[in-house]
Amino acid sequence: MKHQHIIRIAIVLAGTLVFMWVVPALVKLGASSPQRYPFVYYSSVIEQFCFRETAGKTTVRRDASGKEYTEAQFDSIMPMLYYRQLSVNGAMPDSIQGRAVTMPEIRQHSFTYRYTPVKTASPSQGLYVMYESMPRRLTIESPGDVFRMKDGIAFVDIATNTVNEEKSALFAAELEKRGYRFPAQWSQGVISTKKPYDEGYFSLDAEGKLFHIKMVNGRPFIRDTRASDTVEVAYFDMSLVADKRFYGFLYDTSGGMYMVESPGYRLIKAELPPIDLKRDEVMIMANMFFWTVSVTTPEGRHYYALENRRLGKVDETFIAATPDGWSKSAKWLFPVYLTFENHNSEYLKPALTFTAWTAWAGNLAAAVLFVLFARRKRKNLLRQGGYILIAGIAGLIAILITPDEN
Amino acid sequence: MYTSLFYKEWIKARKLLLLLLVVFAAAVAYTLLTTIKQFHANPVAFWEFIVENNSIRTGYMRYLPLGAGILLAIVQLTPEMHNRRLKLTLHLPLDESKILCSMSGFGLALLSGLFILSGTALLLGLRIYFCPEIVYSDFIASLPWWMGGFTAYLLTVWICLEPVWKQRIFNAIPALCCISLFYTKALPGAYVPLLPWLTVLMTAGFFFPFYSAIRFKHGVQ
């Protein structure tokens with residue numbers, strides 16, 4: 001039988017790749033720990049960031065100057081967050097920042113929003129449901145069809161599993177009339193009957209124009225948002241808020257984040273540094289006075305306080321990430337490791353991660369130990385030692401479990 | 001000569017093939033009947049659940065290709081390794097590589113037939129009730145499982161042909177890791193960037209049994 005040498009090399013290489021994935025994954029499982037950040041919220045009373053940190057059974061509540069608060073004091077400096085508790089205790093103020101506040105008003109203007117990179121790195125079937133945006137009753141009802149939107153728009157009737165030609169033609173004609181060019185790049189909306197109201201979809205056409213598409217009284221409602229006149233649209237994330245102040249958040253290709261106002265599609269830029277959609281997580285906790293925006297990056301978590309009307313920055317702070325056991329050990333054990341899963345993406349794909357040059361010391365130690373202990377049992381000792389020097393622990397295991405040629 | 005070799009493999013595998021046909025047919029029928037029942041209960045809610053959650057219907061088939069691949073390799077190779085009968089096969093007046101290729105090729109052909117038949121029946125059945133996007137989603141979600149079946153077959157052949165028991169365990173460690181790659185929980189379509197790499201792995205797996213056979217031929221014990 002031929003090619004014994006080549007087949008052995010293939011087995012060692014495959015084994016090395018497997019152990020470059022499995023061994024670091026096992027070490028990571030045992031040594032990594034999630035980053036713990038305190039709860040941070042911008043107080044509309046003292047106009048400072050306030051921090052609540054729990055360690056074991058102790059909870060420390062403090063402001064940015066380091067002053068500590070009791071639980072009741074903490075509630076009173078953050079009425080936009082603890083208004084229900086304050087109301088029960090009879091401690092809810094009548095006005096804040098010179099403006100009268102009521103519980104319904106606070107509820108109406110408060111919202112939370114979260115962006116994670118998975119939102120832009122997730123496979124989609126390419127099917128959507130067009131709900132009636134002005135339903136006769138309060139609840140949103142299923143229309144009995146779904147639609148595809150790629151090279152054209154087509155509604156598929158669920159009962160018959162056939163294309164509803166009439167409805168498809170109606171929407172296609174309106175899209176063409178409004179200047180929508182196929183193929184669509186993406187469409188984004190909320191597919192659920194449990195949402196408070198419907199705003200249809202925002203869709204990026206072939207020319208990079210962002211369109212608003214929905215169904216009103218059974219008829220197509222299509223508008224060019226004109227967002228592409230001022231920015232290069234990268235992603236739109238629909239957000240359904242109680243006061244219907246905006247449609248959602250638009251991100252441009254340079255990382256700018258904008259609120260798309262409703263109605264009118266006016267863009268209001270949030271005064272934030274560029275956001276990397278593939279890496280950063282964004283969390284907004286907003287109230288009628290300020291938005292507390294946290295942007296989590298691999299280096300740590302940035303907090304920004306934005307004023308509610310113009311989204312201008314009023315304050316910022318940063319908490320650095322603390323290195324865990326995995327990041328400390330990886331830079332000594334694995335110069336390079338292989339992963340297939342990534343918490344920033346739903347897709348599975350191989351990725352090589354380089355840690356630090358210090359890990360080559362571990363490779364050298366593995367190679368020396370191999371040469372010392374295997375010198376009487378192995379052929380081509382130096383060549384295999386050299387391979388271990390390059391491939392490290394993964395290469396060592398692959399060589400040890402693959403028998404020498406006869 | 002090839003006809004005789006294939007006939008020998010057929011005798012070893014025919015009972016298992018019948019069993020696998022029954023199991024795969026039952027799984028396809030069960031999947032289709034469950035889906036049809038759910039569809040008729042509330043078609044609109046069922047479709048919307050699928051679209052909203054990007055869910056699939058082929059989950060019952062998940063580990064069947066894996067089981068089929070492993071069992072077929074064991075059924076084909078165990079009689080050969082018993083009393084070292086493979087030596088007789090390797091002494092036939094034919095190149096050993098060709099003998100091994102025909103043995104593995106026979107197994108791969110049987111698996112291909114089984115997988116294509118059951119996969120096609122399942123997807124055509126689903127197409128009656130669902131649009132192409134949903135059926136494609138089912139196909140792309142289950143494709144790594146079918147590929148995992150072929151890879152499991154080839155790696156089991158590699159392990160079975162190995163003459164030394166300790167080495168079989170060493171071979172099984174990376175083999176298990178490789179196979180687990182095909183069965184990671186993921187959304188339909190999530191495997192698309194990984195499929196070319198899984199194809200390379202599957203192709204490389206075809207050649208691994210040759211190394212065990214060489215060791216067997218050289219009388220390693």
Side-chain angles (χ1 to χ4, degrees), chain A residues 1-8 10-11 13-19 21-23 25 121-129 141-148 150 154 156-163 190-194 340-341 345-351 397-398 400-403 405-406, chain B residues 39 43-48 50-54 90 95-97 100 127-134 136-137 140 144 158 162 164 167 169-171 173-175 177-178 180-181 184 186-195 197 201 204-205 207-211 213-215 217-220:
Chain A
M1 236 175 285
K2 302 166 204 167
H3 310 306
Q4 182 185 6
H5 184 60
I6 295 169
I7 297 171
R8 184 177 184 275
I11 293 173
L13 280 176
T16 305
L17 287 174
V18 164
F19 294 116
W21 159 52
V22 172
V23 178
S122 197
S124 159
Q125 284 177 332
L127 292 173
Y128 312 91
V129 184
E141 287 172 9
S142 302
D145 57 30
V146 301
F147 72 98
R148 64 173 70 102
K150 188 67 193 165
V156 181
D157 183 67
I158 290 172
T160 58
N161 192 17
T162 53
V163 173
V190 180
I191 306 175
S192 171
T193 51
K194 295 183 185 102
F340 293 100
E341 290 173 274
S345 171
E346 290 282 6
Y347 288 103
L348 295 168
K349 57 181 169 190
I397 301 172
L400 286 178
I401 67 166
T402 311
E405 290 164 44
N406 302 111
Chain B
F39 178 84
V44 175
F46 191 38
W47 267 62
E48 282 195 8
I50 293 166
V51 173
E52 193 180 330
N53 299 290
N54 204 355
L90 293 178
D95 184 71
E96 294 115 338
S97 305
L100 272 181
R127 181 66 186 93
I128 299 168
Y129 294 90
F130 299 104
C131 61
E133 285 85 354
I134 294 177
Y136 174 76
S137 176
I140 205 72
W158 175 44
E162 169 57 44
V164 181
Q167 189 56 43
I169 294 165
F170 286 155
N171 289 359
I173 297 167
C177 296
C178 284
S180 74
L181 254 185
T184 303
L187 286 174
Y191 262 98
V192 169
L194 193 59
L195 287 176
W197 301 94
L201 182 65
F207 299 98
F208 290 4
F210 289 81
Y211 197 69
I214 294 164
R215 283 166 53 76
K217 195 187 160 198
H218 289 172
V220 177

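So that the names make sense, note that chain A is the first sequence line, chain B the second, and so on, each numbered from 1.
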**Message:** Counting only non-hydrogen atoms closer than 4.5 Å, does S122(A) touch chain B with its backbone (N, CA, C, O), its side chain (CB onward), both, or neither?
**Reply:** side chain
**Spatial distance of atom CD1 (I214(B)) from atom NE2 (H5(A)) [nearest 0.5 Å]** = 12.0 Å
**Request:** Using the test salt bridge (Lys or Arg N to Asp or Glu O under 4.0 Å), find all partners of E346(A) that sit at least two apart in sequence or belong to another chain.
**Result:** none
**Request:** Please state whether the side chain, the backbone, both or neither of F19(A) comes within less than 4.5 Å of a heavy atom of chain B.
**Result:** side chain
**Message:** What part of A204(B) gets within 4.5 angstrom of chain A, counting heavy atoms only: side chain, backbone, both, or neither?
**Reply:** neither
**Request:** Answer whether the closest heavy-atom distance between the side chains of K150(A) and E133(B) falls below 4.5 Å.
**Result:** no
**Item:** Non-neighbouring partners of D157(A) that pass salt bridge (Lys or Arg N to Asp or Glu O under 4.0 Å), sequence neighbours left out
**Value:** none
**Asked** Which bit of L195(B) comes within less than 4.5 Å of chain A, counting heavy atoms only: side chain, backbone, both or neither?
**Response** neither
**Message:** Report which part of E52(B) has an atom under 4.5 Å of a heavy atom belonging to chain A: side chain, backbone, both, or neither.
**Reply:** both
**Complete:** Counting heavy-atom pairs under 4.5 angstrom with chain B, the leader among I191(A), I158(A), V146(A) is I158(A)
**Complete:** Honestly, the part of F130(B) sitting under 4.5 Å from a heavy atom of chain A is backbone
**Item:** Side chain / backbone / both / neither for F46(B) at chain A, heavy atoms under 4.5 Å
**Value:** neither
